[in-house]
Colleague: 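One structure, pasted below without further comment.
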Amino acid sequence: MPELPEVEVICQGLRPHLTNRIITTIYYSGKPLRHPVPFAAMDEMLCGQTISTITRRAKYLLIATKDGTPSRSCAAPDARDTRPSLAVIIIHLGMTGNLGLFPLAAPIKTHDHVRWQLDNGLELRLNDSRRFGGVWLLPPEQARNLETGFFAGTGPEPFSNLCTPAYFMAIAQKREQPIKTFLMDSKVVAGIGNIYANEALMAAGIHPARKACTLQEHHWQRLIPVIRTILTQAIACGGSTISDFINANGERGYFQMNFQVYGRKNQPCHQCGSLIEKIQISGRASYFCPHCQHG
DNA sequence: CAAGTTACCTGACGGC
DNA sequence: TGCCGTCAGGTAACTT
């Protein structure tokens, strides 16, 4: 379920419930996700550890622990222990992944693949039917160098001040590909998936198949703030449901967004009444208004 | 290097 | 009811 806004909503929803909780036990279905799940390493490194921070980078959720060293040998936590080392769990939700907090007694669902049991009677459950998601565990030395390690090659966040017209134009210069495909390239900019690439281009009045290299500075000056506004709105929509986070069932986050084009083939454009068209671009469903998106 | 294609998996939906 | 094809919010390994 994850583009950037959904992951951000999950991140914000989990934060108050996970911060300062101790991971007590970890369970694993045994089914591989996109990559092997580092169950043995998590079991060894995380049980007994305290969760410190929950953050998001691109479409990945990062859960840091306060101490990356094996804790089974130090059962009594030392309050004066200020060692900065952090092990980090990284979670990606793929196409169908979902994270929720459940009481321990809540029935296990099909495709609940990893469960992190906490010291407050709840457990964090990763459910992912298609198993395109992934779980990684970075030991302290790797966790300290995320941007040059795990996220090397990942583009800046859309909200970063690195995202300027000049930045995009320098890369787009050599790209003959459609602007929509360009926006979805995580090496260019992080977190924009199929839905929001479609929506942002509609809001900016740019045809999704237009070659990335043909966008002028004024296009980028329009597109960058539009991307930020749409992502912000989507996060706000999801945020309104955060209070239901525990035991959250089904729809939360951007399902509540009012899409202008995504999924609206042959329906009238909210701006001009023209019928929204659907085409394939780089193998992905692409929706646009033939009247509003000439730029 | 850029860009297109395929693969990974399950489930929902529409047509027959 | 059921069978079958198609499609789905992502990423990375391939090929061209």
Side-chain angles (χ1 to χ4, degrees), chain A residues 1-11 29-37 56-61 90-100 109-114 126-136 150-155 158 168-202 208-214 227 230-231 233-235 237-238 241 249-266 278-287:
Chain A
M1 328 198 126
E3 288 191 32
L4 182 153
E6 180 72 355
V7 181
E8 180 64 27
V9 165
I10 291 173
C11 180
S29 70
K31 294 268 191 91
L33 303 181
R34 169 164 283 284
H35 305 283
V37 172
R56 177 194 60 75
R57 173 74 169 94
K59 298 169 187 165
Y60 296 83
L61 194 73
I90 299 185
I91 299 170
H92 193 281
L93 299 177
M95 295 274 267
T96 51
N98 201 4
L99 273 173
K109 288 193 282 228
T110 310
H111 310 303
D112 276 347
H113 292 301
V114 187
L126 172 62
N127 185 286
D128 185 359
S129 59
R130 289 175 77 178
R131 289 189 273 125
F132 288 175
V135 175
W136 295 261
F150 191 87
F151 291 112
T154 300
F168 286 114
M169 290 176 76
I171 303 175
Q173 203 175 23
K174 337 176 167 78
R175 300 290 187 95
E176 295 280 318
Q177 71 192 156
I179 180 61
K180 174 167 174 281
T181 310
F182 183 76
L183 290 181
M184 291 175 66
D185 183 345
S186 64
K187 295 186 287 302
V188 174
V189 56
I192 302 177
N194 200 34
I195 291 179
Y196 294 106
N198 278 299
E199 292 296 311
L201 289 167
M202 168 60 185
R210 178 174 178 153
K211 289 183 180 183
C213 58
T214 68
I227 289 169
I230 287 186
L231 293 176
Q233 285 173 350
I235 292 167
C237 283
T241 65
N249 289 316
E251 323 308 278
R252 63 175 178 236
Y254 56 41
F255 281 100
Q256 300 181 0
M257 275 281 281
N258 256 342
F259 295 135
Q260 299 293 306
V261 290
Y262 183 80
R264 300 195 62 241
K265 180 184 176 183
N266 289 336
K278 178 185 181 185
I279 58 175
Q280 290 284 119
I281 296 177
S282 303
R284 306 302 298 275
S286 306
Y287 302 85

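Every chain is numbered from 1, with letters handed out A, B, ... down the list of sequences.
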Colleague: Parallel, tilted or perpendicular, judged at 30° and 60°: which one describes the rings of A:Trp136 and A:His35?
Modeller: tilted
Colleague: For DNA chain C, what is the dot-bracket line, given that a base pair needs Watson-Crick (N1 to N3, plus N6-O4 or O6-N4) or G-U wobble (N1-O2 and O6-N3) geometry with both distances under 3.5 Å, and | means paired with another strand?
Modeller: .|||||||.|||||||
Colleague: Would you say A:Glu199's side chain and A:Tyr262's backbone share a donor-acceptor pair under 3.5 angstrom?
Modeller: yes
Colleague: Within 45 degrees of the axis of the six-membered ring of A:Phe182 and under 6.0 Å from its centre: does A:Arg175 put its NZ or CZ there?
Modeller: no
Colleague: For the pair made of CD1 in A:Ile171 and P in B:dC1, what is the distance, rounded to whole Å?
Modeller: 14 Å
Colleague: Taking the six-membered ring for Trp, is the centroid-to-centroid distance between A:Phe259 and A:Tyr287 below 6.0 Å?
Modeller: no
Colleague: Taking CG from A:Asp112 and P from B:dT10, how many angstroms apart are they, rounded to a whole number?
Modeller: 15 Å
Colleague: Measuring from the side chain of A:Arg131 (C-beta onward, heavy atoms only), which nucleotide among B:dA3, C:dA12, B:dC9 has the closest atom?
Modeller: B:dC9
Colleague: If I take atom CG in residue A:Asp185 and atom P in nucleotide B:dA2, what distance separates them, rounded to the nearest angstrom?
Modeller: 9 Å
Colleague: If only atom types and distance count, is the side chain of A:Ser129 paired as donor or acceptor with the main-chain N or O of A:His111 below 3.5 Å?
Modeller: no
Colleague: Do any N or O atoms of the protein come closer than 3.5 Å to N or O atoms of nucleotides 6-8 of chain C, and which pairs are they?
Modeller:
residue, atom, partner, partner atom, Å
C:dA8, OP1, A:Lys278, NZ, 3.4
C:dA8, N3, A:Arg130, NH1, 3.1

Colleague: Write down the atom of A:Ile227, the atom of A:Pro158, and the distance for their closest heavy-atom approach.
Modeller: CG2-CB, 4.1 Å
Colleague: Checking the side chain of A:Arg210 only, and the main-chain atoms of A:Ile179 only, is there a donor and an acceptor separated by less than 3.5 Å?
Modeller: no
Colleague: Under 5.5 Å centre to centre and under 30° between planes: does that hold for A:Phe132 and the six-membered base ring of C:dT11?
Modeller: no
Colleague: Can you tell me how far C1' of B:dA3 sits from NZ of A:Lys180, to the nearest Å?
Modeller: 15 Å
Colleague: Expressed in whole Å, how much space separates the P atoms belonging to B:dC1 and C:dT11?
Modeller: 22 Å
Colleague: NZ of A:Lys187 versus P of C:dA12: gap in Å, rounded?
Modeller: 8 Å
Colleague: Is the distance from OP1 or OP2 of B:dG4 to the nearest side-chain N or O of A:Ser282 less than 4.0 Å?
Modeller: yes
Colleague: For nucleotides B:dC9 and C:dC3, find the distance between their P atoms and express it as a whole number of Å.
Modeller: 24 Å
Colleague: In whole Å, I'd like the distance from the CG atom of A:Leu33 to the P atom of C:dT11.
Modeller: 14 Å
Colleague: As a test of reading the structure: which of B:dC8, B:dG11, B:dA3 is closest to the side chain of A:Arg175, going by heavy atoms?
Modeller: B:dA3
Colleague: Please check if the side chain of A:Ser286 supplies one atom and the backbone of A:Arg284 the other of a donor-acceptor pair under 3.5 Å.
Modeller: yes
Colleague: Are any side-chain N or O atoms of A:Glu3 and backbone N or O atoms of A:Asn194, one a donor and one an acceptor, separated by less than 3.5 Å?
Modeller: yes
Colleague: Could you state the CG-P distance from A:Leu183 to B:dA3, rounded to the nearest angstrom?
Modeller: 14 Å
Colleague: Let me know the distance between CZ of A:Arg57 and P of C:dT11, rounded to the nearest Å.
Modeller: 12 Å
Colleague: The side chain of A:His111 lies closest to which of these nucleotides: C:dT11, B:dG11, B:dC9?
Modeller: B:dG11
Colleague: Given B:dA2, is OP1 or OP2 found less than 4.0 Å from the side-chain N or O atoms of A:Gln177?
Modeller: no
Colleague: So among A:Ile235, A:Leu61, A:Leu99, which one has a side-chain contact (heavy atoms from CB on, under 4.5 Å) with A:Cys11?
Modeller: A:Leu61
Colleague: Looking only at side-chain atoms of A:Lys59, point me to the closest of B:dT10, B:dG4, C:dT11.
Modeller: C:dT11
